[in-house]
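Computed from a predicted model, the values in this text were never measured in an experiment.
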Number of protein chains: 4
Amino acid sequence: MSPEWSDRPSSSAAGTGGEGEPEKRRAILRAAVEVFAEKGYQGCRIADVAKQAGVAYGLVYHYFRNKEELLESVFDQQWSIFITALRAIGERGGSAPEQLEEICRFAIDVFRNAPAAIRVLLLEVAHTPNTFRAGSTRETFEEAVEIVAGIVRRGKERGEVRVEVDPVVAAASLLGALELNLTGMLMGILGGTSEEEIERVKRGVIDLLFSGMTAR
Amino acid sequence: MSPEWSDRPSSSAAGTGGEGEPEKRRAILRAAVEVFAEKGYQGCRIADVAKQAGVAYGLVYHYFRNKEELLESVFDQQWSIFITALRAIGERGGSAPEQLEEICRFAIDVFRNAPAAIRVLLLEVAHTPNTFRAGSTRETFEEAVEIVAGIVRRGKERGEVRVEVDPVVAAASLLGALELNLTGMLMGILGGTSEEEIERVKRGVIDLLFSGMTAR
Amino acid sequence: MSPEWSDRPSSSAAGTGGEGEPEKRRAILRAAVEVFAEKGYQGCRIADVAKQAGVAYGLVYHYFRNKEELLESVFDQQWSIFITALRAIGERGGSAPEQLEEICRFAIDVFRNAPAAIRVLLLEVAHTPNTFRAGSTRETFEEAVEIVAGIVRRGKERGEVRVEVDPVVAAASLLGALELNLTGMLMGILGGTSEEEIERVKRGVIDLLFSGMTAR
Amino acid sequence: MSPEWSDRPSSSAAGTGGEGEPEKRRAILRAAVEVFAEKGYQGCRIADVAKQAGVAYGLVYHYFRNKEELLESVFDQQWSIFITALRAIGERGGSAPEQLEEICRFAIDVFRNAPAAIRVLLLEVAHTPNTFRAGSTRETFEEAVEIVAGIVRRGKERGEVRVEVDPVVAAASLLGALELNLTGMLMGILGGTSEEEIERVKRGVIDLLFSGMTAR
DNA sequence: GATGAATGAGGCTTCATTCAT
DNA sequence: CATGAATGAAGCCTCATTCAT
């Protein structure tokens with residue numbers, strides 16, 4: 001769906017978007033996603049990133065001012081990809097249920113290809129130092145919620161969504177439900193990570209959020 | 001609802017279970033909850049805990065072998081309180097909707113009284129070192145999901161919950177929706193933390209998960 | 001030979017010499033010998049001593065001003081026993097060879113009964129902080145050498161010892177040879193610690209120092 | 001006799017074996033010998049080593065995993081030099097008395113040039129933590145004893161040494177006698193450290209071990 | 001006497017960051 | 001660009017010592 005989310009290193013010749021961006025800089029960013037996702041902000045060491053990227057220690061500081069800037073780049077990049085996709089889905093048209101389903105599908109697809117990225121997105125939101133959070137994280141998270149809420153809101157206007165539904169709460173609930181189900185899969189609690197399992201969970205979340213639990 | 005979750009130090013007479021436990025040990029644990037919640041596992045410094053508890057640095061090591069054991073204690077304690085409450089709700093009888101509503105109410109009440117505790121519970125699940133996670137965290141998280149899933153399952157048997165609902169996915173979604181809504185409130189994104197706001201969010205989550213979004 | 005060197009705790013009723021000395025104080029001293037011998041000055045922790053003695057932490061400080069004083073007491077006590085014995089042997093009369101043989105026998109007997117004590121005597125001589133060493137250690141060590149040297153010296157006067165022998169060097173050599181042979185046994189290098197082995201080593205050292213290596 | 005034992009930093013051209021070894025790494029090792037010898041294993045602080053070597057604190061950890069590895073390196077290096085020399089003497093030929101005399105001369109020469117090294121070799125054998133001791137120390141000490149014992153053994157076969165002499169005991173005695181005489185000199189007990197004094201002690205030890213004390 | 005909780009300075013170790021090559 | 005040695009502040013942990021009971 002979006003090539004940047006693939007874990008496979010793209011061949012250096014192909015201009016994968018960030019045209020003139022040096023090969024090694026991308027390697028560092030890619031490595032940082034992994035390590036950041038694995039260890040969290042505080043547990044992520046520059047040495048680990050460099051080793052994972054296969055570059056020398058000091059090169060990280062050639063491309064990034066310091067640890068904070070590096071990880072903020074990672075964070076922004078990941079969220080920006082995610083938000084771009086959210087926005088695209090929101091603007092693509094279709095009914096609210098269709099759009100929200102698309103979001104679930106997207107999130108879970110990403111998870112299938114790049115679980116590390118998901119962890120960066122969902123798990124670090126509240127765990128970075130204040131200066132960090134105060135920066136882009138908060139706004140970005142807020143924006144994601146707002147996009148989803150907008151979809152719900154428009155769905156209400158069109159009569160596709162019940163009037164009682166609070167758009168912001170619904171948006172947060174959707175994202176939260178996705179997060180914990182994905183976390184559960186990552187931790188090996190909610191079944192494995194086979195295709196069928198993932199598909200089953202995806203359907204389950206969508207069905208629940210659309211139709212609710214209550215028998216009728 | 002449960003006095004242990006209050007941030008105020010409970011008078012020693014309160015039969016909380018940890019009866020003969022030294023005063024200062026409890027102070028350390030209480031402080032650790034705060035700092036752990038504020039800074040996360042890696043960012044939490046023993047010096048901060050000691051200062052917050054008003055005890056000398058070394059005393060922390062009198063009661064806990066090391067940082068890991070301290071924070072694991074915090075984690076276990078918080079989860080154990082939470083799970084005890086979950087279990088109590090599950091065994092108290094009533095319909096599945098009533099029980100799940102009770103869980104939401106409990107979670108949000110706790111949040112109102114002790115936001116720090118909630119953060120420890122919900123936000124640190126996946127962010128602790130491996131030895132830590134491998135320990136009780138995984139099982140405990142799993143247990144929480146399983147208790148909620150059990151409520152859903154019994155609801156299905158009684159015809160209160162739609163047969164299409166996957167109990168485990170529903171459980172994870174419920175907890176995830178709660179988490180992200182609470183996180184949003186903590187981060188100041190989903191409105192403030194006034195009584196009415198909290199009440200509104202609580203109703204919103206319950207309504208969404210029970211009735212779904214779809215207009216009929 | 002001297003009851004104080006036994007590892008067995010003497011019954012509290014028997015006045016073992018230090019008459020009015022409290023039972024627990026002796027237990028601490030006895031424990032300190034063990035731990036000191038096992039870990040050395042720096043590695044010896046008050047907590048270890050207390051545990052080994054079966055007394056409470058703080059009691060050590062009831063009987064001894066601080067760690068230094070405790071260990072110095074241990075050191076002095078052990079050396080004083082050793083030196084008393086040396087002196088007794090020196091004054092008992094007999095030829096120099098007989099006296100030196102007696103010293104070897106004594107040292108090795110002690111080793112058999114209380115290897116810990118020997119280690120305190122022989123192995124810590126040069127490893128304690130300066131203030132410590134500057135205190136009694138140096139003089140005591142010097143005194144031991146001097147006593148043995150005196151025996152050699154008188155042996156020379158009586159024609160039992162070759163005139164070329166330097167008494168002080170001979171004394172240091174005797175004690176050093178004993179030390180390293182005992183150390184070797186402790187480390188399990190020079191055979192085991194069976195009766196016959198010990199006897200064999202004892203004879204070997206005496207024979208070597210008296211008759212030399214040179215074949216005639 | 002061997003340039004490595006000199007305290008003066010050897011010019012990089014000297015083919016000492018550790019050719020490409022970084023300058024500062026050697027400085028650290030050299031400093032560690034001093035401090036280790038001065039304070040013993042437990043009393044030796046990394047900060048002291050760094051200061052003595054004139055490098056930053058952290059650099060020690062750039063070259064050595066931790067304190068234990070550093071000091072074990074020191075220990076191994078010193079013993080390895082010593083043992084190499086012992087072996088060379090043993091293989092150089094000559095009668096047993098000549099070889100043993102050579103060993104004494106070597107040991108005492110080394111002492112003259114690098115007293116710190118001798119202390120590391122002789123005084124720390126039994127004072128390091130168990131993991132440490134269990135490692136190379138034991139075997140290395142054992143090897144030193146065995147080399148000297150081999151010389152004695154061959155001396156017996158050639159009739160240069162009395163048949164009654166136990167080679168291992170003789171070896172341990174020789175080394176022990178050297179140790180305590182050197183210790184005595186270090187502590188200022190056995191005369192000073194002037195050339196004549198050293199020479200006198202050397203002769204004394206050799207004479208004693210070869211000819212024994214007994215007047216004939 | 002006896003106990004063990006409480007204190008805090010000191011040492012080990014890590015790791016972000018800089019710098020010479 | 002790229003490397004990795006070098007730096008040192010900061011955090012964890014230990015343990016001698018004190019003190020209230």
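Taking every heavy atom of both residues into account, A:E69 and A:Y63 meet most closely at OE2-O, 4.3 Å.
Taking atom CG on A:L70 and atom P on E:dC15, their separation rounds to 16 Å, with Å as the unit. F:dC15 atom P lies 14 Å from atom CG of C:L71, rounded to whole Å. Here F:dT14 presents its P atom at 11 Å from CD of B:E69, a figure rounded to the nearest Å. Distance, C:I46 CD1 to E:dT3 P: 15 Å, rounded to whole Å. Remark: C1' of E:dT13 and NZ of B:K67 are 14 Å apart, rounded to the nearest angstrom. Straight-line distance from the CD atom of B:Q42 to the P atom of F:dA10: 18 Å, rounded to whole Å. Following rounding to the nearest Å, B:F64 (CZ) and F:dT14 (P) show an atom-to-atom distance of 15 Å. For the pair D:I28 CD1 and F:dT7 C1', the computed distance is 12 Å after rounding to whole Å.
Side-chain contact between D:Y61 and D:Y57: present, with at least one pair of heavy atoms (C-beta onward) separated by less than 4.5 Å. By the 4.5 Å heavy-atom criterion applied to side chains, A:R45 and A:K39 are counted as neighbours. Within the 4.5 Å cutoff, the side chain of D:R30 has heavy atoms near those of the D:R26 side chain. Looking only at side-chain heavy atoms (C-beta outward), A:F75 and A:F36 come within less than 4.5 Å of each other.
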Apply side chain to side chain contact (heavy atoms under 4.5 Å, CB included) to residues B:Q42 and A:Y41 and explain how you reach the verdict. CA-CA 8 Å; B:Q42 307 266 7; A:Y41 180 86; over 6 Å; no
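Map A:N66 and D:A47 each onto its nearest nucleotide of DNA chain E; the residue landing nearer the 5' end is D:A47.
Put simply, CG on C:L29 and CZ on C:F64 are 4.0 Å apart, with the number rounded to the nearest 0.5 Å. Note that the OG1 atom of D:T140 and the CG atom of D:D76 stand 6.0 Å from one another [nearest 0.5 Å].
Residue D:Y61 places no side-chain N or O under 4.0 Å from the OP1 or OP2 atom of E:dT14.
Every stem involving DNA chain F, taken as at least 3 paired positions in a row under the Watson-Crick or G-U wobble test at 3.5 Å, is listed here: E:2-21 with F:2-21.
A:K67 contributes a side-chain N or O that, together with a main-chain N or O of A:C44, makes up a donor-acceptor pair within less than 3.5 Å.
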Going 5' to 3' along nucleotides 5-10 of chain E, which nucleotides have protein heavy atoms under 4.0 Å from the base (write B), which only from the sugar-phosphate (write S), and which from neither (write -)? BBBB--
